[in-house]
Amino acid sequence: MILDYRKLAKLKSTYVDALPKLINPKTGRIHSSFNQARAATGRLSSDNPNLQNIPIRDEAGRKIRKAFEPRDENHVLLAADYSQIELRLIAEISQDEAMLDAFVNGHDIHQATAAGVFNKKLDEVTPDERRAAKTVNFAIIYGAGATNLSKQLNIPRKEATVLIENYFKQYKGLKKYMTETVEFAREHGYVLTLMGRRRYLRDINARNGLERSNSERIAINTPIQGTAADMIKVAMINIHRALKEGNFKTKMIMQVHDELVFDIPKEELEKVSPIIEDLMKNAMPQLKVPILVGMDTGKNWLEAH
DNA sequence: AATTTCACG
DNA sequence: ACGTACGTGAAATTA
């Protein structure tokens, strides 16, 4: 009951009460800031208000997302998302054969991972196994250990250890990438995204084991999260230019890490949406791994997903 | 002013 | 032997 209460109190104080106060009387809209040099990985952040943490995961929160609408009834919102961008990029960066293969062949990556770690054929994977494999995929990106994974999956630590072992048997290239990235960081004191942006890691050679471990996880995660950030930034620049050069009235109004949101006059939709899709997919055209973009429109932000 | 909690990717 | 999942921002609570 306390948790239920807090869930609603959070939504009320952070969104329902706060957002209407931030509507600019001249424009009738909320004008937040997107900070370009704040997040250590190269992501954007958003504040005043933060538009990158508008609820979506549960029913009460979805009602808040519904309140975000296009400027008028002649416009629609379009949301364009990169599909599993960080997993695709770890496959690309590590050049792991099995993971690249899964993406190239258009497999469901979580299902493919489940088949590997549970020693099953693709079509024999159960929904629970797929869910567990999804958690493992994300745990790996963040450098989680067996203790954490066991808590996430509500299983004994030993079983989590086995899952991780099977995972790296399946994706040997990922293991290699992680080891080599930490070695690179120890030697140079920084790590790199695919586009060459650096993040320095002061504690990578710390004598304090916890500090060192923290830095090692950052070393593993930053090239992935940071490359995804680089990619969407390139896409945003190219899209902005294309909208300008085409004299479109479409406005790019939000970015949420792997998603762009546009306010589009209905009559422009047919012309503009393939341009957006193309420029998002091809922001980094030299990659082996396929990059997919999902797109949807609606009369509010919830419907556009 | 610092910490905790919780919203998102 | 133990223990550690990455990146944010806002509101409420505690010091």
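Lettering of chains follows the sequences in order, A, B, ..., and the numbering in each one begins at 1. Note that the structure is a prediction, hence the values are computed from the model and not measured. Just so you know, these numbers use all the heavy atoms, side chains as well, and skip hydrogens, waters and symmetry mates.
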For [X], which residues count as a side chain to side chain donor-acceptor pair (under 3.5 Å) partner, sequence neighbours excluded?
X: A/Gln170; answer: none
X: A/Asn48; answer: none
X: A/Ser45; answer: A/Asn35
X: A/Arg157; answer: A/Thr147

Check your understanding: Which part of the nucleic acid does A/Phe138 contact within heavy-atom distance under 4.0 Å: base, sugar-phosphate only, or nothing?
Key -> base
Here the ring pair (Phe, Tyr, Trp, His ring centres under 6.0 Å) pairs for residues 172-218 of chain A, sequence neighbours left out, are A/Phe184-A/His188, A/Phe184-A/Tyr190, A/His188-A/Tyr190, A/Tyr190-A/Tyr200
Assert: residue with more 5' nearest nucleotide on DNA chain C, out of A/Tyr15 and A/Leu149, is A/Leu149
Output a table of nitrogen or oxygen pairs between the protein and nucleotides 6-9 of chain C separated by less than 3.5 Å.
| from | atom 1 | to | atom 2 | distance (Å) |
| --- | --- | --- | --- | --- |
| C/dC6 | OP1 | A/Arg217 | NE | 3.1 |
| C/dC6 | OP1 | A/Arg217 | NH2 | 3.3 |
| C/dC6 | O2 | A/Gln225 | NE2 | 3.1 |
| C/dG7 | OP1 | A/Arg199 | NH1 | 3.1 |
| C/dG7 | OP1 | A/Arg199 | NH2 | 2.8 |
| C/dG7 | O4' | A/Gln225 | OE1 | 3.1 |
| C/dG7 | O4' | A/Gln225 | NE2 | 3.2 |
| C/dG7 | N3 | A/Arg43 | NH1 | 3.4 |
| C/dT8 | OP1 | A/Ala40 | N | 2.7 |
| C/dG9 | OP1 | A/Ser45 | OG | 2.6 |
| C/dG9 | O4' | A/Asn50 | ND2 | 3.0 |

List, one per line, each side-chain donor-acceptor pair under 3.5 Å for residues 244-252 of chain A, sequence neighbours excluded.
| from | atom 1 | to | atom 2 | distance (Å) |
| --- | --- | --- | --- | --- |
| A/Thr250 | OG1 | A/Glu268 | OE1 | 2.7 |

So which protein N/O to nucleotides 13-15 of chain C N/O distances come out below 3.5 Å?
none

Contacts of A/Asp108 meeting salt bridge (Lys or Arg N to Asp or Glu O under 4.0 Å) (sequence neighbours excluded), chain-then-number -> A/Arg130
Provide a list of protein-nucleic acid N or O atom pairs under 3.5 angstrom, restricted to nucleotides 2-4 of chain B.
none

The correct set of residues in residues 162-192 of chain A placing a heavy atom under 4.0 Å from DNA chain C is none
Where DNA chain C forms runs of at least three Watson-Crick or G-U pairs (i with j, i+1 with j-1, under 3.5 Å), the stems are B:1-9 with C:6-14
### Query
Quick one: does A/Ser150's side chain get under 4.5 Å of A/Glu159's, heavy atoms only?
no
